[in-house]
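Numbering of ligands and ligand atoms starts at 1, following listing order. As the structure is a prediction and not an experimental result, all values here were calculated from the model. Just the heavy atoms: all of them, side chains too, but no hydrogens, waters or symmetry mates, feed the values below.
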Amino acid sequence: MIIQMAQPALDLVIAALEKMRETSDHLPRASRIVLARLQIVPPVAVSLLATPELREGGREASASPTGRRLQPASNKAELLEPIRERVRVCVKCAHLACSRTQTVFGVGNPDADLMFIGEAPGIDEDKQGEPFVGRAGQLLTKIIKAMNFAREDVYIANILKCRPDTPRGTFGNRAPTPTEMQTCRPYLVEQIEIIQPKVLVALGAVAVEGLLGMRGTMRELRGRWHAYNGIPLMITYHPAYLLRNQAPSEKRKVWEDMLQVLERLEQPISERQRNYFL
Ligand code: URA
């Protein structure tokens, strides 16, 4: 009963706060992480709202009637779920909502220290509902493995959660438009706020534009540290670029960027790893 009453009220509060954040000069003091947390009030905690010990100021971990400590449901995987659900039903870009097979939210470890950000799903990702599973994705997976990580250790997401539509009967992908990126970006912002990786890697100029709103050539941008909201950000070539340009010198550039990432994460680097593509 209490749960049924609480959820619509929470939805209203969340929607109102989000609207204020989007439209008002005076920002409400609620971070996205708090908003996401509000959406997953654990049922047992909601029912306990009626009990005297919580009404009298018990917060966070509180004693339950059975004497167990109640932990707030605040792990990162749970925090991501309401966002995944909003993405799943998103129709903000009506044309993409019509053309997509499904949305592609993100994959990997919500507690990852390392997060890769790509552009948008391609045809394979749209079919499978997972980012970077096509040819470029397989190359990204190889890069991740060369770094001594598994795909499951890191988190991978895109600026756009829908495949950019292409005219019927045509092949290939198109780049997301600035409007599509602006519309979808808040979902990625929320993902990053929850995951709080130690290092972000932006794959290609479109990912950089989507994340930082900054245009530049990869020659200017890649290979050095930038920052997103205080998180160190390495910019490197998109794996699709490496598929088009197979010169070992280009592979080495990406690898040098990844060596910087490994150093930043204080990961051990073998001599063999240091010499890849030399
Ligand atoms: N390219 C991207 O940028 N993202 C994907 O998910 C797949 C290909």
Asks: Under the salt bridge (charged side-chain N to carboxylate O under 4.0 Å, His left out) test, which residues partner D111, sequence neighbours left out?
Replies: none
Asks: Considering only the protein, which heavy-atom contact is closest to atom 4 (N) of ligand 1, and what is its distance?
Replies: N158 OD1, 2.8 Å
Asks: Considering E119, R163, K161 one by one, which has a heavy atom nearer to atom 3 (O) of ligand 1 than any of the others?
Replies: E119
Asks: Is there a donor in the side chain of D165 and an acceptor in the side chain of S99, or the other way round, less than 3.5 Å apart?
Replies: no
Asks: Any N or O of A120 that comes nearer than 3.5 Å to an N or O of ligand 1?
Replies: yes
Asks: Name all residues meeting the side chain to side chain donor-acceptor pair (under 3.5 Å) criterion together with N148; count only those two or more places apart in sequence or in a different chain, and write none if there are none.
Replies: none
Asks: Between P131 and ligand 1, which residue portion shows a heavy-atom distance shorter than 4.0 Å: side chain, backbone, both, or neither?
Replies: both
Asks: Does H238 come within less than 4.0 Å of ligand 1, judged by its heavy atoms?
Replies: yes
Asks: Short N/O distance, under 3.5 Å, between G118 and ligand 1?
Replies: no
Asks: If the threshold is 4.0 Å, N to carboxylate O, is there a salt bridge linking E266 and K198?
Replies: no
Asks: Any side-chain heavy atom of V208 within less than 4.5 Å of one from L233?
Replies: no
